[in-house]
Protein chains: 2
Amino acid sequence: MCPPDDLNAEARRHAERFQRVREAHQTELAEDYVELIAHLIEETGEARVVDLAGWLGVTNATVNNTIQRLQRDGLVTTKPYRSIFLTDAGRELAEQSRKRHDIVREFLIALGVDSQTADIDAEGIEHHVSSATLKAFAKFVNKARRST
Amino acid sequence: MCPPDDLNAEARRHAERFQRVREAHQTELAEDYVELIAHLIEETGEARVVDLAGWLGVTNATVNNTIQRLQRDGLVTTKPYRSIFLTDAGRELAEQSRKRHDIVREFLIALGVDSQTADIDAEGIEHHVSSATLKAFAKFVNKARRST
DNA sequence: ACAACATCTTAGCAAGGGCTAAATTTAGGT
DNA sequence: ACCTAAATTTAGCCCTTGCTAAGATGTTGT
Ligand SMILES: [Mn+2]
Ligand SMILES: [Mn+2]
Ligand SMILES: [Mn+2]
Ligand SMILES: [Mn+2]
């Protein structure tokens, strides 16, 4: 009789969107860590706890805890009192994250955002950009590049 | 003698960006809650725990916990077994969040992202968009609107 | 009025992600 | 070689954000 609850359907869609955001939040930290670890290894030859702490703005103890979780999840390998290495899965995630991060940052700059703000905002936005949106970002960047 | 550690300066900037993201994560949930509460009050006359739970995809108990924190932080008022009201601060945050959320969603659509993806991605991106970037988004939306 | 049902609350649990302080181990300088 | 400083790890704490299960309170139909 009553219109079969469209309201409920909207609520369900809304709830699904939230679940996506919650999932993204669970993987963010891992993405940022492996991306940074890959960067440090490339630039300096190794990734040490103290360096990660400095680059992330957290304490050594916090890095240590997180690294243990990453190891549990198969993204890094460590030996006691030694520096940190990426597994194949870790390297792959790092590479993906780096590419996505770069596109988001370049996109913001192409849009007219100053590069310092782009750096800041990209660090958060990157984790919530679906592949469809990322494609749209990349397209915009390329178009802007061609037209200059 | 050596170039005064530019490496360290880059690390410091990186760390600051991370601190920003961590701060954003602390306010996200509050923003989404008050935005939804305002919406429910406007549409249905009241915001009840069970409705919030349905719209957010979490349990009643979780909503209850979060609402207590929001009350502690001066964003909502509640009386036992009654529905939820926004304080002035809560209403203001809700309004701000709604506007920003709308701009982000419209921006993604204007960029060519399908509306369903835009809905999903905007829910996460909104919390990491600075006022400078938001301004750039709004400008792009207006330009796209005029040119159609 | 009151039974049944819905809603709200509480209690108790877990994981994530921060911190400080105190070991422990490694690495350097003399 | 050894003493010291730096780096890593551990232990113990806190808050957030989720859950389930059970109790308390409101609401509604008969
Ligand atoms: Mn990144
Ligand atoms: Mn990031
Ligand atoms: Mn929102
Ligand atoms: Mn949101």
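No experiment lies behind these values; they were computed from the predicted model shown. Lettering of chains follows the sequences in order, A, B, ..., and the numbering in each one begins at 1.
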Item to check | Donor-acceptor contact below 3.5 Å, side chain B:Ser97 vs main chain B:Leu93 | outcome: yes

Item to check | Heavy-atom donor-acceptor pair, A:Tyr81 side-chain to C:dT24 base, under 3.5 Å | outcome: yes

Item to check | Student check: side-chain heavy atoms of A:Ile67 and A:Leu70 closer than 4.5 Å | outcome: yes

Checklist entry - Does one side chain, of A:His14 or B:Asp119, offer a donor that lies under 3.5 Å from an acceptor on the other? => result no

Checklist entry - Separation of A:Glu28 atom CD from C:dA15 atom C1', in whole Å? => result 17 Å

Checklist entry - Shortest non-hydrogen contact from B:Val113 to A:Ala136? => result CG2-CB, 3.8 Å

Item to check | Whole-Å gap separating P (D:dT9) and CG (A:Asn64) | outcome: 4 Å

Checklist entry - Counting only non-hydrogen atoms, which of residues 38-51 of chain B are less than 4.0 Å from DNA chain C? => result B:Arg48, B:Val49, B:Val50

Checklist entry - Do B:Thr66 side-chain atoms and B:Thr62 backbone N/O form a donor-acceptor pair below 3.5 Å? => result yes

Checklist entry - Within the side chain of B:Arg105, is there an N or O that forms a donor-acceptor pair under 3.5 Å with the backbone of B:Ala122? => result no

Checklist entry - What is the distance from CD1 of B:Ile84 to C1' of C:dT7, rounded to the nearest Å? => result 12 Å

Next on the checklist: Just to be sure I understand the geometry, which residues of residues 67-77 of chain A put a non-hydrogen atom under 4.0 Å away from DNA chain D?
Outcome noted: A:Gln68

Checklist entry - Is the backbone of B:Ser83 close enough, under 3.5 Å, to the side chain of B:Arg48 for a donor and an acceptor to pair up by distance? => result no

Item to check | Spacing of B:Glu23 atom CD relative to C:dG18 atom P, expressed in whole Å | outcome: 12 Å

Checklist entry - Separation of B:Asn65 atom CG from D:dC19 atom C1', in whole Å? => result 10 Å

Checklist outcome for this item: Exactly one candidate in A:Arg100, A:Lys99, A:Arg98 meets salt bridge (Lys or Arg N to Asp or Glu O under 4.0 Å) with A:Asp102; the answer is A:Arg98

Next on the checklist: Can you tell me if A:Thr62 touches the phosphate of C:dC19, counting only side-chain N or O atoms and a distance under 4.0 Å to OP1 or OP2?
Outcome noted: yes

Item to check | Residue whose closest nucleotide on DNA chain C lies nearer the 5' end, A:Thr59 versus A:Pro80 | outcome: A:Thr59

Item to check | Rounded distance in Å - CD (B:Gln26) to P (D:dC14) | outcome: 17 Å

Checklist entry - What is the distance from CG of B:Asp32 to P of D:dG18, rounded to the nearest Å? => result 10 Å

Checklist entry - Given atom CG of A:Asn60 and atom P of C:dA23, what is their separation to the nearest angstrom? => result 18 Å

Next on the checklist: Please tell me whether B:His128 and B:His25 form a close aromatic pair, meaning their ring centres lie under 6.0 Å apart.
Outcome noted: yes

